[in-house]
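In what follows, a single structure is set out as structure tokens and then discussed.
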Amino acid sequence: MQIEFPDGRIQSIESGMTGSDIAKSISPSLEKRAVAIALNDELKDLNVALTTGGKIRIITKDDPEGLEILRHDAAHVLAEAIKELYPETQITIGPVIEHGFYYDIHREKPLTTDDFDALEQRMREIVDRNEPIQREEWDRNEAIKFFESIGEKFKAEIIRDIPEGQVISLYRQGSFIDLCRGPHLPSTARLGKAFKLMKLAGAYWRGDSKNPMLQRIYGTAWATEDQLKQHLHMLEEAEKRDHRKLGRELDLFHMQEEAPGSVFWHPKGWTIYRELQNYIRRRISKENYVEVNTPIMVDRILWEASGHWEKFHENMFISETEDKLFAMKPMNCPCHVQIFRQGIKSYRDLPLRMAEFGCCHRNEPSGALHGLMRVRSFVQDDAHIFCEEDSITSETKAFCDLLMSVYKDFGFTDVRIKFSDRPEKRAGTDEIWDKAEGALMEAVKASGLEYTLNPGEGAFYGPKLEFVLRDAIGRDWQCGTLQVDFVLPERLDANYIGSDGEKHRPVMLHRAILGSIERFFGILIENYAGKLPLWLAPIQVVVATVVESANAYAKEVCDVLKAEGLRAEVDLRNEKISYKVRDLSVQKIQYIAVVGAKEADEKTVSVRQLGSQDQTVMTLKNFVDMMKQNSAAPA
RNA sequence: GCCGCUGUGGCUCAGUGGUAGAGCACAUCCUUGGUAAGGAUGGGGUCGAGAGUUCGAUUCUCUUCAGCGGCACCA
């Protein structure tokens, strides 16, 4: 039979040769690095005898697929180590994830991270044992019986759920045997030792909170020690830019236990926050939005009418006053409909784009809270576009353009769209959903942006687009959203007079670009590692003195900068200039204008920029001009 | 909400069954120094909260709150 190599070379081989044999025939060193073979793009174990020819590829640890196999093996070796050290443990599943793997286990007494050393030690021993990893195909019922006999109830349950007729493959290494689709390395030695157990967490069996809680052990695994080291280093770097840490270090905000999930904004953080809001104000004002503001506490009656009470009152903060029950708004839309309903609206008033930076409260589960990323009290750059049905497409397209342009101003260009359609729990008839999904789909297609489907994930009142951006260290964040809503206008009885003189229902488009400003703030801090673009920087320049005699001049320089609209401060502290430079640099102050006797005499400043050792002496006027230019916010 | 871990001055962290310590920060003084930490002195903590065990608890136990890591959730 014939095989074809990736370079197009064709070779005849004997039936029954294994991937290993083929690799060895090319070069022994290739065989050593090999982890699997791809036959017509289907991955197979190296030690499986090939019976048909085709295109082959030797997969090594350096291939993405090879790394996956390696990580999968790491999971198996972990499971083997667990069973050896703690035989009473039941094992469940152990898949590959980004950067590594995990294994979910079940046992009475939970493991702790103190057990990690022993586990890693045992894993290394298993690697040293070089146990051959052997694939076996089992009869379904035999396999179920087998796993039940050794007390692995979870495994038996998994097999029961595998459709009849599908091959049940087990992999054996030493005395350990596990259900697995494969492929796997030929032996445990090939895993190498570039792995590390990372953390311990709880996870529900089959991801369902009604099921028992298992223990999940996370690990990372790499082809080489170097890659492992690099990965650990990357994690350290990510930790350094954690917005919670930087928020404290840069004195931007804090949170405390008396107000879990809510933010105390410090002057510097609030400056950034306002700058973000004002930027969005400028952008949407150009797109003919109007801004409004509506109450935070609203009578339950309105939430019942809107449908929020029924669907989400568990997550709403309630306040009882006199005989009434008020709820804090989790979103602005019902209030916006109230404004829309004031007076009679004509089709000439549409589309009406109503924006609000309203403070919303959602009683998120305690375990969901996470710094600024998930809070209970937040403000969105929210707006609702009331329009006629045939405007959905053009409004959506205009929104997508605006959103992409805004993201670009913040340096985010890698944006993906998820299209979420009707969820199980929803309001409105199927006809309405058909119409809404159809219109939104048409709009996405017209916008020309790429999208992926996200079935069943829509809002209860309509389908939605979710805009996911990727930050500087490759993490994805869902920020923007656009939702088509035929339901709320109906439930809250919004209408307008059409050109035909009749009453009609407007469509509502719920949309946000940044999403929650709190969250976007956190993303920005992490993306820029605290060094924000100058237009967002809470302090744009500090005038620092070398000697006390320059104090008056320093204040004068600072006043000039402030008069020109720059956020400037003076540093007159009784410290050496190198101390001030260090301190201000740690604070990520981007421009330091150093003034001493010389500068005071000559009416100049000596400018130092964050991240550079260079000093530039310039006239005060030139410096002000430069700062104004550099700090200009995007229009 | 669920599982696990953590909670000591503003921050980072050490420590102990006999009510606490370092560095940084802060204050005062000396120093007026030219681009990433000058020196001296000093103030500051009922060890997250509540209960229990104990002669005695920051230390051990339980409860609770919050944070962290995940899971579930995310209108």
Side-chain angles (χ1 to χ4, degrees), chain A residues 97 102 104 106 110-114 198-218 242 244-245 248-249 251 254-261 303 306-316 329-331 333-334 360 362-371 373-376 423 425-427 457-462 464 466 478 481 483 485 487-488 510 515-516 519 544-551 574-587 592-599 606-617:
Chain A
I97 51 172
Y102 66 76
D104 282 353
H106 177 76
L111 296 180
T112 72
T113 43
D114 293 339
M198 302 298 285
K199 54 197 172 193
L200 212 47
Y204 297 108
W205 168 234
R206 304 201 145 173
D208 190 331
S209 59
K210 290 188 213 65
N211 286 343
M213 178 70 67
L214 306 172
Q215 259 198 309
R216 177 169 297 176
I217 301 175
Y218 285 91
D242 188 306
R244 293 165 298 191
K245 185 173 153 71
R248 186 170 51 242
E249 288 173 356
D251 194 17
H254 85 271
M255 296 166 106
Q256 63 187 51
E257 63 178 282
E258 288 82 355
W303 303 115
S306 70
H308 288 87
W309 190 260
E310 188 198 340
K311 299 272 193 284
F312 298 108
H313 81 276
E314 293 275 306
N315 292 316
M316 289 164 73
K329 65 178 173 188
M331 47 208 317
C333 35
C360 295
R362 298 180 187 176
N363 194 0
E364 303 283 3
S366 56
L369 302 180
H370 181 94
M373 301 308 195
R374 191 81 177 271
V375 288
R376 288 192 173 138
K425 217 170 144 188
R426 61 177 181 263
E457 295 293 315
F460 78 88
Y461 46 73
K464 65 182 178 188
E466 288 176 330
Q478 196 241 296
T481 180
Q483 304 161 7
D485 183 2
V487 173
L488 256 194
H510 306 239
S516 116
R519 192 143 184 277
T545 52
V546 179
V547 288
E548 208 177 331
S549 61
N551 283 4
N574 176 18
E575 294 291 352
K576 292 212 162 102
I577 190 61
S578 46
Y579 177 91
K580 295 185 186 181
V581 166
R582 179 190 142 78
D583 191 51
L584 297 169
S585 301
V586 167
Q587 286 298 310
I592 304 174
V594 174
V595 296
K598 204 161 57 161
E599 288 80 4
S606 169
V607 181
R608 179 186 168 119
Q609 210 181 335
L610 183 59
S612 160
Q613 250 107 275
D614 298 343
Q615 301 153 39
T616 315
V617 176

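Computed over heavy atoms, backbone and side chain alike; hydrogens, waters and symmetry mates excluded. Lettering of chains follows the sequences in order, A, B, ..., and the numbering in each one begins at 1. In this text, all values refer to a predicted model and were calculated from it rather than measured experimentally.
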Correct closest heavy-atom pair for A:Cys360 and A:Pro330 would be CB-O, 3.5 Å
Comparing A:Asn574 with A:Thr113, nearest RNA chain B nucleotide closer to 5' gives the residue A:Thr113
Tightest non-hydrogen contact, residues A:Lys580 and A:Ala544, listed as CD-CB, 4.1 Å
When rounded to whole Å, the CZ to P distance for the pair A:Arg376 and B:C65 reads 11 Å
Rounded to whole Å, the CG-C1' distance (A:Leu584 to B:A25) equals 15 Å
task: Would you indicate what A:Ala597 reaches in the nucleic acid, counting non-hydrogen atoms under 4.0 angstrom: base, sugar-phosphate, or nothing?
output: base
Taken to the nearest whole Å, CD/A:Gln215 to C1'/B:G4 is 7 Å
Exercise for the section: Identify whether any heavy atom of A:Ser366 sits under 4.0 Å from a base atom; if not, whether one sits that close to sugar-phosphate; answer base, sugar-phosphate or nothing. Expected result: base
With a cut-off of less than 4.0 Å, is there a side-chain N or O of A:Tyr579 near OP1 or OP2 of B:U32? no
- Query: For atom C1', what is the distance between B:U35 and B:U41, given to the nearest Å?
  - Reply: 29 Å
Here the distance between atom C1' of B:C26 and atom CG of A:Asp583, to the nearest Å, is 13 Å
Heavy-atom closest pair (A:Lys311 atom, A:Ala427 atom, distance to 0.1 Å) is CE-N, 4.4 Å
Ranking B:A36, B:G34, B:G38 by distance to the side chain of A:Leu610, first place goes to B:A36
For B:C47 and B:G9, measure between their P atoms and round to the nearest Å.
-> 10 Å
Using the P atoms only, state how far B:C5 lies from B:C60, rounded to an integer number of Å. 14 Å
Taking every heavy atom of A:Ser606 against every heavy atom of A:Gln615, the minimum-distance pair comes out as OG-CB, 3.9 Å
| said: Rounding to an integer number of angstrom, what distance separates B:G56 and B:G44 when you compare their P atoms? | reply: 29 Å
Classify the nucleic acid contact of A:Lys598 as base, sugar-phosphate or nothing, counting any heavy atom under 4.0 Å across all strands shown.
base
With the side chain defined as heavy atoms from C-beta on, A:Arg248 is closest, among B:C5, B:G34, B:U12, to B:U12
Closest to the 5' end of RNA chain B, once A:Glu599 and A:Arg582 are matched to their nearest nucleotides, is A:Glu599
To the nearest angstrom, the CD-C1' distance between A:Glu575 and B:G39 comes to 11 Å
Those stems involving RNA chain B that have three or more consecutive Watson-Crick or G-U pairs, both distances under 3.5 Å, are B:1-7 with B:65-71, B:10-13 with B:21-24, B:26-30 with B:38-42, B:48-52 with B:60-64
Spacing of the C1' atoms in B:G7 and B:U63 (rounded, Å): 16 Å
- Evaluate whether atom CD of A:Glu314 has more than 12 neighbouring non-hydrogen atoms of other residues, nucleotides or ligands under 6.0 angstrom away. no
Atom CG of A:Leu214 and atom C1' of B:C3 are separated, to the nearest Å, by 10 Å
Partner of A:Arg244 under side-chain contact (heavy atoms from CB on, under 4.5 Å), picked from A:His254, A:Met255, A:His370, A:Met373, is A:His370
_Euclidean distance for C1', B:U8 against B:G23 (whole angstrom)_ = 15 Å
A:Gln483 and A:Tyr461: side chain to side chain contact (heavy atoms under 4.5 Å, CB included), yes or no, with the steps?
CA-CA 9 Å; A:Gln483 304 161 7; A:Tyr461 46 73; 2.4 Å; yes
Dump the pairs, protein N or O against N or O of nucleotides 45-51 of chain B, anything under 3.5 Å, distances to one decimal.
none

Rounded P spacing from B:U31 to B:G69 in Å: 49 Å
Distance col, row A:Asp104:CG vs A:Gln215:CD, nearest 0.5 angstrom, shows 9.5 Å
For A:Leu488 and A:His510, the nearest pair of non-hydrogen atoms, with its separation, is CD1-CE1, 4.0 Å
Inset, instruction - Ignoring hydrogens and angles, tell me if any N or O in the side chain of A:Glu599 forms a donor-acceptor pair with the backbone of A:Gly596 under 3.5 Å. - result: yes
What one should report as the nearest heavy-atom pair of A:Val595 and A:Ala550 is O-CB, 3.8 Å
* Asked: So, the side chain of A:Arg519 versus the backbone of A:Gln478: is there a donor-acceptor pair under 3.5 Å, distance only?
  -> yes
Restricting both atoms to N or O, compile the protein contacts to nucleotides 68-75 of chain B shorter than 3.5 Å, with distance only.
| unit_1 | atom_1 | unit_2 | atom_2 | d |
| --- | --- | --- | --- | --- |
| B:C68 | OP1 | A:Arg244 | NH1 | 2.9 |
| B:G69 | OP1 | A:Arg244 | NH2 | 2.9 |
| B:G69 | OP2 | A:Arg244 | NH1 | 3.2 |
| B:G69 | OP2 | A:His370 | ND1 | 3.3 |
| B:G69 | O3' | A:Lys199 | NZ | 3.4 |
| B:G70 | OP1 | A:Lys199 | NZ | 3.4 |
| B:G70 | O3' | A:Tyr218 | OH | 3.1 |
| B:G70 | O2' | A:Tyr218 | OH | 3.0 |
| B:G70 | N2 | A:Gly202 | O | 3.4 |
| B:G70 | N3 | A:Gly202 | O | 3.4 |
| B:C71 | O4' | A:Gly202 | O | 3.1 |
| B:C71 | O2' | A:Tyr204 | N | 3.0 |
| B:C71 | N4 | A:Gly367 | O | 3.4 |
| B:A72 | O2' | A:Ser209 | OG | 3.3 |
| B:C73 | O2 | A:Arg374 | NH2 | 2.6 |
| B:C73 | N3 | A:Arg374 | NH1 | 3.0 |
| B:C74 | O4' | A:Arg374 | NH2 | 3.3 |
| B:C74 | O2 | A:Arg374 | NH1 | 3.2 |
| B:A75 | OP2 | A:Lys464 | NZ | 3.4 |
| B:A75 | O3' | A:Tyr461 | OH | 3.2 |

Worksheet entry | Presence of donor-acceptor pair under 3.5 Å, side chain of A:Gln613 and base of B:U35 | no
Report task. Let me see the working for A:Arg376 and A:Ser366 under side chain to side chain contact (heavy atoms under 4.5 Å, CB included), right down to the final yes or no. Result -> CA-CA 9 Å; A:Arg376 288 192 173 138; A:Ser366 56; 3.9 Å; yes
Quiz item: With a 3.5 Å cut-off and just heavy-atom distances, do the side chain of A:Ser549 and the base of B:U32 make a donor-acceptor pair?
Solution: no
B:G15 to B:G48 separation - P atoms, rounded to the nearest Å: 15 Å
Whole-Å distance, A:Gln587 CD to B:U35 P, equals 21 Å
